[in-house]
Q: 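Let me give you the structure first, and then I'll get to my questions.
Whatever order the structure lists ligands and atoms in, that order sets their numbers, starting from 1. The model shown is predicted, which means the values in this text are computed figures rather than measured ones.
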Amino acid sequence: MKAALNEPVTSDLRERIVTKLLEWYLQNKRDLPWRGASAYGVWVSEIMLQQTQVATVIPYYLRFMERFPTVRALAEASQEEVLRYWAGLGYYARARNLHQAAKILVERYGGELPTEPGAIESLPGVGRYTAGAIRSIAFHQPYPLVDANVARVLSRLFGVSGNLRSTSTQARLWNLAQQLVPENEPGTFNQALMELGSLVCIPSDPRCEQCPLLADCVAGNAPDPTAWPEASSNKRSLPVVHSSALICNEEGALLIVQRPPHGLWGGLWEFPRVVCSAGETPLEGAHRAALEVAGWEVTAMEPKTLRAVQGQVAPITRIKHGVMHYRITLYGYLMRPKAPVAPKEERPKEWVTPEALSRYPMPAPQAQLREAVLNRLHAPLPNIQPCFVFEETNSPDYAKES
Ligand code: SF4
């Protein structure tokens, strides 16, 4: 049963969400240096993580904590030195506030972070989110927190409409977070919500089929989970890169996989595809699609000659595709299978001859990819059956699901 809008979260639903999320977190959480840190360590990590990605923060956090292992060590350092240890992280006001707050903690609280209500919130640079993180994670107090990841998860889980930046939507999300946070393990729960937003309920490509909350999620059971949260009207469209592995065996058959039943294009077929991560090239993405989605180690093929090559090869095509506030570029790379591996997700798969490919329903951009492959492989296009393609209407949302 899903939570209705404008109603309190029922105790049953709350318990299900908390239990499933904590179980998932225990199995899937990343090993990060601030897990289990002191209140000071939690505070430093949360300030560094504002506006900055985890991978970037890790080396900064380790260096900073080695040089300033306590509040007192930080308070006694010069601002110049603190900024030197922050150099490269950006948003230097965060470092100045941290330093100033450390001095206040030494003067008023003996160098400890205070637990009494309102005290943490009064420190420079500590807002509601950071206070919630310190209170719940370090002091095990049932305080909620809502950052960008949590806002996205909650808006999808409960189908919260409205711009996430609006005061009323923010109030609703904080209220939901407050209702959910348990008395026991509030910090673990809050970290689990953030981790789910980082690893599973990601912006343009939520992995609903891997999500512990799918059964209770409004968005996960809707045709298009990325319809939540609502896109900001003045938001510029974001570029996203997708990459597909066009795995062709010695007999000339191509490997296709069936999409999970949830989300837009649920149940349709596609060439193994991933959304490329930051810093990942399309070719690397295609290799990952082969490994994680198809379950094959592969060798990329040079499309002009169809010889297997190492290193950089060109895609056989690039397809541009607009999706609400995403601008997607889909790459396709011809690849030869080398050795089977265990895929990350189990999905139905088929090796299909070029002639038979058109019998499988595909989203429109994947059908374009298919045409490009058939052209490249010199398939007898005139003999191909009429293409079974789901045409897009209104906003083409193919790329928002995965
Ligand atoms: S089911 Fe999908 S949309 Fe819902 S919380 Fe999980 S990943 Fe997000």
Q: Show me which atoms of ligand 1 lie under 4.0 Å from any heavy atom of R156.
A: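 Atoms satisfying the 4.0 Å criterion: 3 (S).
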Q: Closer than 4.0 Å to some heavy atom of L214 - which atoms of ligand 1 meet that?
A: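 Selected atoms, number and element: 1 (S).
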Q: Please lay out, stage by stage, how Q366 and S244 fare under the test side-chain hydrogen bond (donor to acceptor under 3.5 Å, both in side chains).
A: CA-CA 9 Å; Q366 288 283 321; S244 271; 3.2 Å; yes
Q: What atoms of ligand 1 come within less than 4.0 Å of a heavy atom belonging to C217?
A: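 Under 4.0 Å from C217, ligand 1 has these atoms: 1 (S), 3 (S), 4 (Fe), 5 (S).
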Q: Taking the six-membered ring of W228 as reference, does the cationic atom of R152 (NZ for Lys, CZ for Arg) lie under 6.0 Å from its centre and within 45° of its axis?
A: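 Not satisfied by the 6.0 Å and 45° rule.
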Q: Has C208 got an N, O or S atom lying less than 2.8 Å from atom 2 (Fe) of ligand 1?
A: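 Yes.
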Q: If a pair satisfies salt bridge (charged side-chain N to carboxylate O under 4.0 Å, His left out) and one of its residues is in residues 245-255, list it, with sequence neighbours excluded.
A: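 Found E250-R336.
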Q: Which heavy-atom pair separates Y85 from F64 by the least distance, and what is that distance?
A: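 The answer is CB-CD1, 4.0 Å.
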Q: Is it true that the NZ or CZ of R156 lies under 6.0 Å from the centre of F158's six-membered ring and within 45 degrees of the ring axis?
A: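 The answer is no; the distance or angle limit is not met.
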Q: Over 60° means perpendicular and under 30° means parallel, so classify the ring planes of Y331 and Y333, tilted if in between.
A: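 The arrangement is parallel - the two ring planes meet at less than 30°.
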Q: Output yes if C201 passes the N/O/S-under-2.8 Å test against atom 6 (Fe) of ligand 1; output no otherwise.
A: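 It does not; every qualifying atom lies at 2.8 Å or beyond.
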Q: Classify the contact between L157 and ligand 1 as side chain, backbone, both or neither, using a heavy-atom distance cut-off of under 4.0 Å.
A: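 The answer is neither; L157 stays 4.0 Å or more away.
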Q: Which ligand 1 atoms, with their elements, are less than 4.0 angstrom from a heavy-atom of C211?
A: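 Within the 4.0 Å cut-off of C211, ligand 1 contributes 1 (S), 5 (S), 6 (Fe), 7 (S).
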